[in-house]
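Written below as structure tokens is the structure these notes are about.
Each residue takes its place number in the sequence, starting with 1.
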Amino acid sequence: MRRIKITVAYDGSDFHGWQAQPGLPTIQGALEKIVGDIEGQPVHVAGSGRTDAGVHALAQVAGFSLRNPIPEYNLRKAINRLLPPSVRVLSVEETHPDFHPRYDAVAKTYEYRIFRGEILPPFEWRYAHHFPYPLDERAFVDLAPLLEGEHDFAAFAASDDSDSEGKSKVRTIFSSKARRTGERLIYEVRGSGFLKHMVRNIVGALLEAGKGNLRSEDMRALVDGKVGQRVPAATAPSKGLFLMGVEYPVSG
């Protein structure tokens with residue numbers, strides 16, 4: 001069996017997220033159908049993590065095993081020929097037999113895009129959260145670094161099927177920063193891993209800070225995972241979120 005690692009980019013607008021779901025278009029479902037047809041039997045395509053419906057990716061990583069001896073270049077061409085144009089396999093490489101795109105990852109980077117102009121251009125509406133209302137952007141930017149470090153991010157996590165298993169919600173954020181670029185306010189976060197809706201809830205909290213409804217001490221209480229604390233804001237829309245890249249240990 002060959003272990004294959006692929007990097008995938010996609011426009012998530014027309015998909016119900018990464019994870020395969022019966023009767024619904026998903027990224028994983030599309031890839032498993034195509035790779036399974038190439039292999040001649042079902043193939044499980046594991047991702048570096050799930051992305052929600054409407055979330056985009058510039059460099060999602062996935063892995064699967066197959067016996068087919070097709071060269072890597074030809075495999076990439078074959079998959080892309082059958083995928084919808086909103087999904088592209090950027091690279092294909094054979095890797096070590098135990099490679100797992102999720103468990104081997106050491107860091108992931110997400111970017112959230114907020115369009116601040118009064119009129120949202122039609123070519124932006126699928127890829128940015130339009131927020132033309134008054135906002136203290138300095139507060140948004142200044143509070144972003146408070147997320148850095150190892151914390152219990154339960155306050156920023158949506159309920160999940162795994163909650164009953166009592167899994168830890170402690171994660172490490174290596175960098176958390178925001179910047180204004182043209183008419184976009186961009187939040188970028190790099191961490192060891194992320195919980196369901198975590199980045200979108202962080203953005204929701206930062207927007208509340210910009211609206212004057214959440215102070216730095218409130219953010220610290222949320223980050224410290226104090227019992228009963230929840231983000232006092234709506235989850236930011238999925239369409240503004242991009243998975244920018246996944247990092248793995250550098251092999252010797």
Side-chain angles (χ1 to χ4, degrees), residues 1-12 15-21 25-52 55-84 86-111 150 160-162 165 167-175 188-196 198-199 241-252:
M1 294 291 284
R2 306 163 64 200
R3 189 64 176 165
I4 305 296
K5 173 186 175 184
I6 62 174
T7 301
V8 188
Y10 51 84
D11 176 342
F15 293 90
H16 288 258
W18 165 266
Q19 188 175 18
Q21 302 177 57
T26 68
I27 308 299
Q28 183 185 39
L31 288 168
E32 289 187 342
K33 172 65 169 62
I34 293 168
V35 177
D37 287 347
I38 293 171
E39 179 72 346
Q41 64 181 31
V43 174
H44 173 61
V45 178
S48 64
R50 303 173 185 177
T51 50
D52 298 325
V55 174
H56 316 289
L58 272 66
Q60 167 73 288
V61 175
F64 54 87
S65 299
L66 77 170
R67 297 185 185 278
N68 193 309
I70 182 173
E72 297 161 21
Y73 174 75
N74 291 344
L75 178 59
R76 177 169 63 87
K77 286 185 66 176
I79 296 174
N80 280 337
R81 186 172 64 248
L82 297 169
L83 280 169
S86 54
V87 185
R88 291 292 91 176
V89 173
L90 305 178
S91 67
V92 173
E93 62 179 288
E94 192 163 342
T95 185
H96 62 86
D98 298 324
F99 171 73
H100 195 289
R102 177 183 175 189
Y103 301 125
D104 290 355
V106 295
K108 299 175 185 177
T109 300
Y110 282 92
E111 183 175 288
E150 183 180 275
D160 190 85
D161 294 340
S162 63
E165 301 172 18
K167 292 184 178 180
S168 171
K169 295 187 184 297
V170 173
R171 298 291 186 273
T172 301
I173 297 300
F174 304 122
S175 67
E188 181 183 292
V189 60
R190 176 176 175 266
S192 62
F194 296 88
L195 303 164
K196 184 177 181 180
M198 179 173 159
V199 179
L241 185 60
F242 290 74
L243 172 59
M244 304 299 289
V246 187
E247 300 170 47
Y248 295 90
V250 178
S251 58

Per-pair distances, 0.1 Å, donor-acceptor, side chain in residues 73-81, under 3.5 Å, sequence neighbours excluded:
unit_1	atom_1	unit_2	atom_2	d
Asn80	OD1	Val89	N	2.7
Asn80	ND2	Val89	O	3.0

Carefully, step by step, assess Arg2 and Ile70 under the rule side chain to side chain contact (heavy atoms under 4.5 Å, CB included). CA-CA 10 Å; Arg2 306 163 64 200; Ile70 182 173; 4.1 Å; yes

Aromatic ring proximity, centroids under 6.0 angstrom, Tyr10 and Phe15: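 No; Tyr10 has its ring centre 6.0 Å or more from that of Phe15.
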
Only counting residues at least two apart or in another chain, list the ones meeting side-chain contact (heavy atoms from CB on, under 4.5 Å) with Leu82.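 Ile34.
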
If you define the side chain from C-beta out and look only at heavy atoms, does anything of [X] sit under 4.5 Å from [Y]?
{"X": "Ser48", "Y": "Tyr248", "value": "yes"}
{"X": "Glu32", "Y": "Val43", "value": "no"}
{"X": "Lys108", "Y": "Val199", "value": "no"}
{"X": "Val55", "Y": "Leu243", "value": "no"}
{"X": "Phe174", "Y": "Thr109", "value": "no"}
{"X": "Glu188", "Y": "Met244", "value": "no"}

Is the backbone N or O of [Y] less than 3.5 Å from a side-chain atom of [X], with the two atoms forming a donor-acceptor pair by type?
{"X": "Glu39", "Y": "Asn68", "result": "yes"}
{"X": "Gln19", "Y": "Gln28", "result": "no"}
{"X": "His16", "Y": "Thr26", "result": "no"}

In Å and rounded to the nearest 0.5 Å, what is the [atom1] to [atom2] distance from [X] to [Y]?
{"X": "Arg3", "Y": "Phe64", "atom1": "CZ", "atom2": "CZ", "answer": "9.0 Å"}
{"X": "Glu72", "Y": "Glu93", "atom1": "CD", "atom2": "CD", "answer": "7.5 Å"}
{"X": "Phe242", "Y": "His56", "atom1": "CZ", "atom2": "NE2", "answer": "4.5 Å"}
{"X": "Arg190", "Y": "Glu247", "atom1": "CZ", "atom2": "CD", "answer": "4.0 Å"}

Where does the angle between the aromatic ring planes of Tyr110 and Phe194 fall among parallel (under 30°), tilted (30 to 60°) and perpendicular (over 60°)? perpendicular

Could you walk me through whether Thr7 and Gln60 pass the side chain to side chain contact (heavy atoms under 4.5 Å, CB included) test, one step at a time? CA-CA 6 Å; Thr7 301; Gln60 167 73 288; over 6 Å; no

Using residues 99-106 as the side-chain source, report each donor-acceptor pair under 3.5 Å to any protein atom, sequence neighbours left out, with the distance given to one decimal.
unit_1	atom_1	unit_2	atom_2	d
His100	ND1	Arg102	N	3.1
His100	ND1	Tyr103	N	3.3
Asp104	OD2	His100	N	3.0

Looking only at heavy atoms, the pair that brings Arg88 and Leu83 closest together is NH2-O, 3.2 Å

Considering all heavy atoms of both residues, which atom of Leu58 and which atom of Ala9 are nearest to each other, and what is their separation?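 Of all heavy-atom pairs spanning Leu58 and Ala9, the closest is O-CB, 3.6 Å.
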
